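Computed from a prediction, not measured in an experiment: that's the story for all the values here.
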Number of protein chains: 2
Amino acid sequence: MQDRRPTIEDVARVAGVSRATASRVINNGRGTSAEARSRVHQAVDRLGYRPNPAARMLALGRTDVIDLVAVGFETDSARFGTNPYLSRVVAGALAALAGTDTHLRVRLLAEGAAHRSIDEIARTTTQGAILVNVPPPLATRFHDRCERVVSLGATADRVPAVEARNAQGAHAAVTHLHDLGRRRIAAVHGPAGNTCAASRRVGHLDAIRATGLPDITGDGQFRREAGYRATARLIATRPDIDAVFAASDLMAAGAIQALTAAGRRVPDDVSVVGFDDSVIATAVNPPMTTVRLPVEEMAAAATRTLLDGGAAARWRLVFPVDLVVRASAAGAAPAGTT
Amino acid sequence: MQDRRPTIEDVARVAGVSRATASRVINNGRGTSAEARSRVHQAVDRLGYRPNPAARMLALGRTDVIDLVAVGFETDSARFGTNPYLSRVVAGALAALAGTDTHLRVRLLAEGAAHRSIDEIARTTTQGAILVNVPPPLATRFHDRCERVVSLGATADRVPAVEARNAQGAHAAVTHLHDLGRRRIAAVHGPAGNTCAASRRVGHLDAIRATGLPDITGDGQFRREAGYRATARLIATRPDIDAVFAASDLMAAGAIQALTAAGRRVPDDVSVVGFDDSVIATAVNPPMTTVRLPVEEMAAAATRTLLDGGAAARWRLVFPVDLVVRASAAGAAPAGTT
DNA sequence: TTGTACGCGTTATCAG
DNA sequence: CTGATAACGCGTACAA
């Protein structure tokens, strides 16, 4: 059917001009006669010509793509879509890329066999890569092969990273619950291998110790189902729990469901605080008090750093976090706001 | 600091071989002596050589990127991250791309000035583009400039599309509520310009007419806040409402919040059904009965079509939808399952 | 204003 | 097994 994609050569021939003129017309039209412009444009339309991006990039010597590489949060990669985090990262990165001629390429790695993939990605990365949820060893490996990289969230020492004050956020969350009069605060933590989860553990423990509260802890892998189960187990063990701090909004959502199923009212009987301020936090019932992570801003900052040529090893940029108070853990009764 | 990225020429020189040999070694190593292989690999490591993707693509004559172009669901592009839809599309597309050497490029268009952008994207698209939430006129314009395109969800007639049986889903949802004994079913619809929203309106209206129920309708723009407001307004107008069908999970989440704020219990007093089966549906309290849209499968199908060279004008692929029954609108009391 | 000629970095072809 | 050399499609000095 189609012989071959038409090249600028074909356009020039049809228009009766030289390649150079055709190129000039197509790119900006400067220094060309109206006559030539019209004929070239006509030829372009007739042939359906579209420049070959590869050739153009090669000739201009510009690289124009930033990779967003994420390791699957969910074991099943098909379920990655349930993670409310990625789209915020994409949004932030794209916001930073607006007005640039740089594009965003998204890559998703299965949790298991990511070693080979990481090598291949490092090899083909041009402008740079943003690492999301990439475990420290893998991040180091990437950095060894390609220095133009920024991790979103703390990772291996050497790898440049944009971080958030996770420990401080967890501390603020627990303190808030304490201020509400809660004294038996359960914590549902994230996966042990995750650096963000680790920081939140630290902040939680600090606050627990500072206030002299008991350490009631469960594990939730950041996932809702696990948050549900962990909370159900905690209730069974310690029926007197009066608050839950979860290290992610999804787990907090699971906690609310588990508490409701167990006959506890939120926030009357038990207060709940989440972490992230993802879309989940505002969608659940009651709306969720949570620690806001400025994901979009962080992703934008990482992107800009890459656009500027990358960062030195060990480079860090730290963002503050905010406690957003909603109905699931509030003082008076500001309840159901829209 | 760095003069210039090393080329394969440099590698060849350092290794003391020709470009051709270096290329052979780097690509697959077939038909090369162990001696040559070792020297080339050493040179590569020493120089930190990484092949130029543009040059490689040009030489191979292969295009290797599919564009995912979405028009902002939210007016504020920074809030795009709150949409639970995109990540499912990304997940589906990437699943179809696994094992391929084709990459996924994500583009986000502001709702307003998208005309110029669409032209630029159509011009630089190579392997093809997946259109998400692109209004019919814009989709047509894109198709005029680049035929390798598939729309996710119905759009202009001519543009190839992967669709879901939206009308059928809405019909099933309303019928389900009717089967539960609900007789005053309110509907919260999506934006008028959106084709999916339109189909769901049709399905809803059909079911309403078939069962002889009153038509109680509000508008929600697919967004949670609007769903909240629309529901609040409907309750005020018709306090006897005993069910809500919302054309998106986000709006259904808003509806649940509004009902709770108004003192109604879900599902005891009012049943609620959403649409999408996004992460929202499982995270809310109570878990939401909803119409499952196989977004991942649809995105994967669209991607495969593009990989296979695209589709003819007016091509259609239609997916079935499923009613997923959870606690927010259920028969007996299967309530809080995890 | 236009055309000629070369370079961008890589891979494939074809002798040796 | 290796090394010249010719594409690949485009942009742009430079010369006309």
Notebook entry, point to check: Name the one of B/Asp119, B/Ile118, B/Val159 that satisfies side-chain contact (heavy atoms from CB on, under 4.5 Å) with B/Phe142?
Noted result: B/Ile118
Next item on the list: Let me know the distance between CG of A/Leu60 and C1' of D/dT12, rounded to the nearest Å.
Entry: 10 Å
Item checked: Whole angstrom value for the distance that separates C1' of D/dT5 from CD of B/Glu9 -> 13 Å
Item checked: Residue whose nearest DNA chain C nucleotide is more 5′ - B/Arg56 or A/Ser18 -> A/Ser18
Next item on the list: Tell whether B/Arg24 reaches the base of D/dG3 with its side chain through a donor-acceptor pair below 3.5 angstrom.
Entry: yes
Next item on the list: Select from B/Gly16 and B/Leu58 the residue whose nearest nucleotide in DNA chain D is closer to the 5' end of that strand.
Entry: B/Gly16
Next item on the list: Would you mind telling me which residue lines up with the more 5' stretch of DNA chain D, B/Ala59 or B/Thr32, judged by nearest nucleotide?
Entry: B/Thr32
Note to self: Please tell me whether B/Thr124 and B/Arg107 have a donor and an acceptor in their side chains that are separated by less than 3.5 angstrom.
What the structure shows: yes
Margin query: Reading DNA chain C in the 5' to 3' direction, which nucleotide is the first one with an atom under 4.0 Å from a heavy atom of chain A, and which is the last?
Written below: C/dT1 to C/dG9
Item checked: Nearest-0.5 Å distance, CZ of residue B/Arg105 to CG of residue B/Asp64 -> 9.0 Å
Next item on the list: With sequence neighbours excluded, give me every side chain to side chain donor-acceptor pair (under 3.5 Å) pair touching residues 15-27 of chain B.
Entry: B/Glu9-B/Arg19, B/Ser18-B/Thr21, B/Ser23-B/Asn27, B/Asn27-B/Arg56
Note to self: Over all strands shown, is A/Ser23 touching base, sugar-phosphate only, or nothing at heavy-atom distances under 4.0 angstrom?
What the structure shows: base
